[in-house]
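Let me begin by presenting the structure, written as structure tokens, before commenting on it.
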Amino acid sequence: METSKIIELLGHENEYYLNHRCKTIDKSLIHVPTPTFVDDIFKESDRNIPTLRNLQAMFSHGRLANTGYLSILPVDQGVEHTAGASFAPNPIYFDPENIIKLTTEGGCNAVASTFGVLGIMARKYAHKIPFLVKINHNELLTYPNSYNQILFGTVKEAWNMEAAAIGATIYFGSAESRRQIIEIAEAFEYAHELGMATVLWCYLRNDAFKKEEVNYDAAADLTGQANHLGITIQADIVKQKLPANNGGFMAINFEKKDQRMYTELTTEHPIDLCRYQVANGYMGCIGLINSGGESHGSSDLKEAIITAIVNKRAGGMGLISGRKAFQRPMKEGIELLHAIQDIYLNLEISIA
């Protein structure tokens, strides 16, 4: 997608997203993704050689190969959101092979899915595209549903199918979060021992995070802290929702806050809010990939492009977009994934 097409798609919002300059946390402080990112950041870390090799495998695959950016297709919604609700718009994705085909033809760096989906396809595809195995889920048949993530398999099982990485979710702020932190910290330690990279969905869940009809689950200050906690248990990459607002610490009345979080480190601009998420990832040493969010139909392409621009210009590492791609005909899903990747390939769009 040419810059002129991007400008046309953004319309009157073109200046707002493409010409913004961040005056909060300066771009010179950010470790921006580069073709040598694994060497630059992880070479001196405690990650072993097999882990570095698997990290590099993800960075060396697909249309974004050797750029330092990632485009990942996540399809774990069959468990997280029910298979019927997720695949009713496009039933071909009940078949796991079509998930892999969308990933490969869509030019993604890796496919993220469940033990079931990746396990049934492992012998045919594990050597052709990096597998990111999601090891825990919030299953929706428990009633009433709770904010809980439980393990659906073992780290060793993911290693046996030649996965390049494991992924997990922690619902920070939930009643079960402390168990999840301990459980996933142990899983990540073992994954690194076996040579797999680690990706953490650093999500927030707590009804108390909703104040006066405002939901702060995606507030920049709260999600930034969730990222910081996830990195502390040695996530190599963090996945986070793009900030929807800010001031969660203020609204919930957390004691540990500083007014400069809002007056100096952030503004209301989405790029500045995302920059705060990046900063909480050791100034970008641990890459931030933002989620693509649910499908809204005709607005999906513009929404995906905006999310990619915000992430890239904030200093992020890429997008992990699923429903916007697989809840439409495969040809259109491939085109949407390519459009996202084109933002990261476009040298005219750079850090703000």
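Values in this document were obtained by computation on a predicted structure and should not be read as measured data.
- Between the side chains of Y203 and K239, at least one donor N or O sits under 3.5 Å from an acceptor N or O.
- Side chain to side chain, D40 and T34 meet the donor-acceptor criterion of an N or O pair below 3.5 Å.
- Using modelled atom types, one finds no donor on one side chain facing an acceptor on the other under 3.5 Å when comparing S174 with N206.
- For I166 against A191, the heavy-atom pair with the smallest separation is CD1-CB, 3.6 Å.
- In this structure, the side chains of E183 and L151 come closer than 4.5 Å at one or more pairs of heavy atoms.
- Of the listed residues (F254, F209, Y276), just one forms a ring pair (Phe, Tyr, Trp, His ring centres under 6.0 Å) with F249, and that residue is F254.
- Linking Ile, Leu, Val, Met, Phe, Trp and Tyr whenever their side-chain heavy atoms come within less than 4.5 Å leaves L273 and I309 in two separate clusters.
- No side-chain donor from either of N14 and E8 sits under 3.5 Å from a side-chain acceptor of the other.
- Side chain to side chain, H192 and D46 fail the donor-acceptor criterion of an N or O pair below 3.5 Å.
- Side-chain contact check for Q259 and T263: no donor-acceptor pair (N or O, by modelled atom type) lies under 3.5 Å.
- Checking each of F115, F152, Y171 against H137 for a ring pair (Phe, Tyr, Trp, His ring centres under 6.0 Å) leaves exactly one that passes, namely F152.
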Checklist line | CA sep, side-chain torsions, deciding dist, call: F94, F87, ring pair (Phe, Tyr, Trp, His ring centres under 6.0 Å) | finding: CA-CA 6 Å; F94 276 109; F87 303 137; 5.2 Å; yes

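- Using a 4.5 Å cut-off on side-chain heavy atoms (C-beta onward), F59 and F37 make contact.
- Seen from the ring of W201, K134 counts as a face-on cation partner, given the 6.0 Å and 45° thresholds.
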Margin query: The test is ring pair (Phe, Tyr, Trp, His ring centres under 6.0 Å); show your working for H31 and Y282 and say whether it passes.
Written below: CA-CA 9 Å; H31 297 274; Y282 299 164; 9.8 Å; no

